[in-house]
Amino acid sequence: MPRKGMRSLCFSPETPLFQGSMSPSSSITSPASGFTESMIEQIIDTAAIIVAKWDGETSSYAKVTSMFYESKREAMHFIRSVNDLRKIMHFVSGQDSGSKNLIRAQSLMQIAMKRLQKEFYQILSMNRAHLDPESVSTRSSRTSTQSSLSDYDYDASPDHEIGAAKESISEVEEVSFMAMSDLKSIADCMIGSGYAKECVQIYNMIRKSIINEGIYKLGIEKVSSSKINKMEWDVLNLKIKDWLEAMKISMRTLFTGERILCDFIFSSSDSIRESCFSEITKAGAVLLFEFPEVVAKVKKSSPERIFRLLGMYTAISDNWPEIETIFSFESISAVRSQALNSIARLNESVRLLLLDFESMIQKDSSKTIVPGGGIHPLTIYSMNYLTALADYGNILTDIISDWPPPAKSSLPEFSFYSPVSNESPAAPISDRISRLILILLCKLDSKVKYYKDIAISYLFLANNLQYIISRIHKSNLHSLLCKDWITKHEVKVNRLATSYERFAWGNVLASLPTNPTAPMKPAEAKECFRKFSISFEDAYWKQISCVVPNSMLRDQIKVSIGRKLVAVYQNFFDSHKSTIGDEKSITLFVRFYPEDVGNYLSDLFIRTLTSSGGSSPSSSS
């Protein structure tokens with residue numbers, strides 16, 4: 001639009017030199033001490049021709065046509081003419097501020113700037129799809145983008161060379177490449193001519209609408225703590241999942257692409273590129289990083305929500321180097337501060353939820369008896385929780401590293417599961433995990449009182465400890481717990497299994513003589529066979545309902561019982577079957593042959609919880 005008076009200009013330090021005649025493609029590039037009147041008039045005349053051609057107020061052709069889309073070479077000639085005009089104005093203003101040439105040059109400059117504003121707006125508007133953050137951010141980095149674009153010289157290259165240069169990039173990148181270069185040329189010219197404000201206003205208006213639209217499409221919105229507290233978990237869970245995806249896209253494309261674009265287009269002015277990027281992205285970025293802090297403040301929270309909080313913590317932590325780089329300007333430090341606030345709040349909430357999980361185990365008051373001494377639901381739930389936590393090992397290490405350890409006096413007192421002492425202290429994360437497992441084991445130990453059979457209570461403890469160890473081996477927990485801890489608890493499983501054998505099958509072994517091959521009277525042998533049959537059948541029916549889910553532990557117990565029981569009974573049988581009489585007498589007094597004992601033992605520990613049991617040893621015999 002027309003302006004009254006001379007516009008203040010931003011000049012670069014060089015002083016132009018005009019030598020010889022001016023052609024449309026030439027420009028003032030060399031320093032000089034001054035210009036002749038004819039030189040000044042020729043430069044202004046040359047500029048007047050092309051400025052008039054693209055004056056939308058006087059040319060219907062210029063009103064409906066884009067200079068940069070119609071002819072790239074002519075657009076570059078327009079830019080060069082304006083730059084030369086600016087240098088002439090700088091020179092003449094120092095010689096004669098009332099010069100007619102200065103007034104004429106000023107008028108032309110106003111018309112030219114109006115044209116460039118229109119071109120700048122058109123390029124930004126018509127290339128929204130090609131200048132979207134994803135297209136821009138596909139380039140490897142801001143440095144490589146700036147280098148690859150700025151190294152190409154439209155001024156010196158004919159059209160066929162421009163075409164050759166574009167063959168190496170995709171169609172989408174080609175359009176983005178050309179648009180960014182055009183915008184930079186216009187921005188450099190307008191800023192150098194003192195029209196930075198107009199250029200920035202157009203850029204901020206269009207680019208901010210694109211960023212805001214992107215934020216909206218990603219589902220990022222202002223949410224208050226009160227609204228979050230009223231949300232059902234399913235709804236909040238979906239919002240967190242959407243935020244995690246939004247975080248990924250924002251850091252990979254939305255903000256990265258906008259930073260690349262700002263840095264390139266306004267590379268001639270650090271202050272302008274900073275102010276533009278800050279104006280365009282600050283509100284959206286703060287809104288994005290504010291969400292985790294609001295979620296972390298939720299008052300009603302179950303231990304399971306820790307995984308969503310850890311997911312958000314991971315998203316910010318993993319992207320922190322990019323956050324520092326993209327939002328490095330001081331004017332946008334609020335974004336970095338908000339991200340750090342969210343990290344701190346998530347850190348605090350994760351610790352509280354770990355304490356809630358610990359408290360939940362300690363307060364479990366269920367009196368449910370797991371049939372057959374199987375795996376308790378609390379064990380399954382707790383190990384599912386801990387193995388899932390272990391997938392966030394590195395993040396948990398950061399969170400727990402400076403968390404003071406709880407007082408040892410707060411640990412349950414039960415010597416069998418006492419923490420393993422090491423000469424060197426374990427890592428904080430290892431201490432926390434082993435403490436939680438210790439609390440679980442002690443809670444399980446408190447539940448054995450509900451079993452009437454002491455043997456099954458030992459099997460219950462062995463099964464659950466073995467389950468815990470198996471889950472540790474099959475998850476990332478094994479890297480968080482020291483090998484010494486795992487090894488010593490594997491020994492404890494064996495001790496528990498041995499105690500089970502002693503209480504479950506001790507009476508059966510006691511029914512046989514210490515020396516099974518020692519001479520014995522027929523009556524004594526018959527009584528021994530009778531006691532063995534009664535005790536074996538009694539033990540079998542008590543233990544047939546027991547389960548050992550872990551195949552290795554199951555085989556270990558079976559082999560151990562068989563080695564102790566079958567071998568002794570086989571020796572006794574072979575030594576004394578003839579003592580009690582003929583075959584008919586043997587059938588009458590001996591209810592179990594050694595192979596029968598082995599078969600029944602092999603049938604142990606594989607019953608399902610709904611099984612009605614095996615066949616009767618007595619009826620089978």
Side-chain angles (χ1 to χ4, degrees), residues 303-304 306-307 309-311 313-314 347 350-362 364 375-446 460-497 549-553 556:
E304 293 84 358
I306 193 173
F307 302 109
L309 300 188
L310 286 170
Y313 188 106
T314 302
N347 186 311
V350 166
R351 292 181 179 185
L352 290 174
L353 286 172
L354 285 174
L355 292 177
D356 287 347
F357 174 66
E358 179 180 313
S359 177
M360 182 273 298
I361 297 175
Q362 291 177 327
D364 181 83
I375 312 302
H376 198 280
L378 179 63
T379 306
I380 297 172
Y381 169 81
S382 299
M383 292 312 297
N384 284 343
Y385 191 92
L386 290 174
T387 53
L389 275 182
D391 292 337
Y392 296 92
N394 292 334
I395 294 298
L396 277 176
T397 299
D398 291 340
I399 293 173
I400 294 175
S401 60
D402 60 345
W403 191 14
K408 292 185 178 181
S409 58
S410 65
L411 289 171
E413 293 184 5
F414 188 67
S415 59
F416 188 82
Y417 294 119
S418 59
V420 177
S421 59
N422 297 310
E423 292 182 2
S424 58
I429 180 66
S430 179
D431 278 345
R432 285 284 168 179
I433 296 295
S434 59
R435 171 188 168 82
L436 290 171
I437 295 176
L438 170 62
I439 292 172
L440 170 62
L441 290 171
C442 291
K443 175 56 66 172
L444 292 172
D445 182 73
S446 70
F460 169 77
L461 293 175
N463 276 331
N464 282 268
L465 182 53
Q466 180 61 53
Y467 177 83
I468 290 170
I469 293 172
S470 297
R471 293 297 300 273
I472 290 172
H473 279 302
K474 295 176 182 178
S475 69
N476 289 328
L477 283 171
H478 76 276
S479 63
L480 300 179
L481 293 168
C482 60
K483 291 182 180 179
D484 190 43
W485 187 98
I486 297 174
T487 301
K488 291 193 176 184
H489 280 78
E490 287 173 336
V491 171
K492 291 174 183 178
V493 172
N494 294 334
R495 288 167 56 189
L496 289 167
N550 184 271
S551 60
M552 291 182 63
L553 180 60
Q556 173 189 326

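- Considering all non-hydrogen atoms of both residues, Tyr381 and Met360 come closest at CE2-CE, 3.0 Å.
- Residues Leu354 and Ile400 share a closest heavy-atom pair of CD1-CD1, 4.1 Å.
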* Apply the test side chain to side chain contact (heavy atoms under 4.5 Å, CB included) to residues Ile472 and Ile437: give CA-CA distance (whole Å), side-chain angles for both, the deciding distance (0.1 Å), then the verdict. => CA-CA 11 Å; Ile472 290 172; Ile437 295 176; 3.9 Å; yes
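- When every heavy atom of Pro303 is checked against every heavy atom of Leu353, the shortest pair comes out as CA-CD2, 4.2 Å.
- Of the candidates Asn550, Leu481, Val493, Val493 is the only one forming a side-chain contact (heavy atoms from CB on, under 4.5 Å) with Ile469.
- Distance check: Asn476 CG to Asp391 CG gives 5.0 Å after rounding to the nearest 0.5 Å.
- Atom-to-atom distance recorded for His489:NE2 and Asp484:CG is 10.0 Å, nearest 0.5 angstrom.
- For the side-chain contact (heavy atoms from CB on, under 4.5 Å) test with Val350, the passing option among Leu355, Leu389, Leu310 is Leu310; the others fail.
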Discussion item. Run Ile306 and Tyr392 through side chain to side chain contact (heavy atoms under 4.5 Å, CB included) and show every step you take.
Written reply: CA-CA 11 Å; Ile306 193 173; Tyr392 296 92; over 6 Å; no
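- Taking OG1 of Thr397 as the start and CD1 of Ile429 as the end, the distance is 5.0 Å to the nearest 0.5 Å.
- Under a cut-off of 6.0 angstrom, the local environment of CG in Asp356 is crowded, with over 12 non-hydrogen atoms contributed by other residues, nucleotides or ligands.
- Taking every heavy atom of both residues into account, Tyr467 and Thr379 meet most closely at CD2-CG2, 3.6 Å.
- The CD1 atom of Ile395 lies 4.0 Å from the OG1 atom of Thr314; values are rounded to the nearest 0.5 Å.
- For Thr387, the side chain to side chain contact (heavy atoms under 4.5 Å, CB included) test picks out Arg471, Ser475, Leu477, with sequence neighbours left out.
- Take Asn347 and apply the side chain to side chain contact (heavy atoms under 4.5 Å, CB included) test, not counting sequence neighbours, and it matches Tyr313, Arg351, Ile399.
- The side-chain contact (heavy atoms from CB on, under 4.5 Å) test with Asp445 is passed by exactly one of Asn464, Leu461, Leu465: Leu461.
- For the pair Gln556 and Ala497, the tightest heavy-atom approach, listed with the atom from each and the gap, is NE2-CB, 4.4 Å.
- Evaluation of the side chain to side chain contact (heavy atoms under 4.5 Å, CB included) rule for Leu436 yields Phe357, Glu358, Leu386 as partners, not counting sequence neighbours.
- Considering every non-hydrogen atom in both Gln362 and Lys443, the closest pair reads O-NZ, 2.8 Å.
- Ser382 contributes atom OG, which lies 7.5 Å from atom CG of Leu444 (distance to the nearest 0.5 angstrom).
- Taking CD1 of Ile468 as the start and CD1 of Ile380 as the end, the distance is 11.0 Å to the nearest 0.5 Å.
- Counting only heavy atoms from C-beta outward, the side chains of Ile361 and Tyr385 never approach each other to under 4.5 Å.
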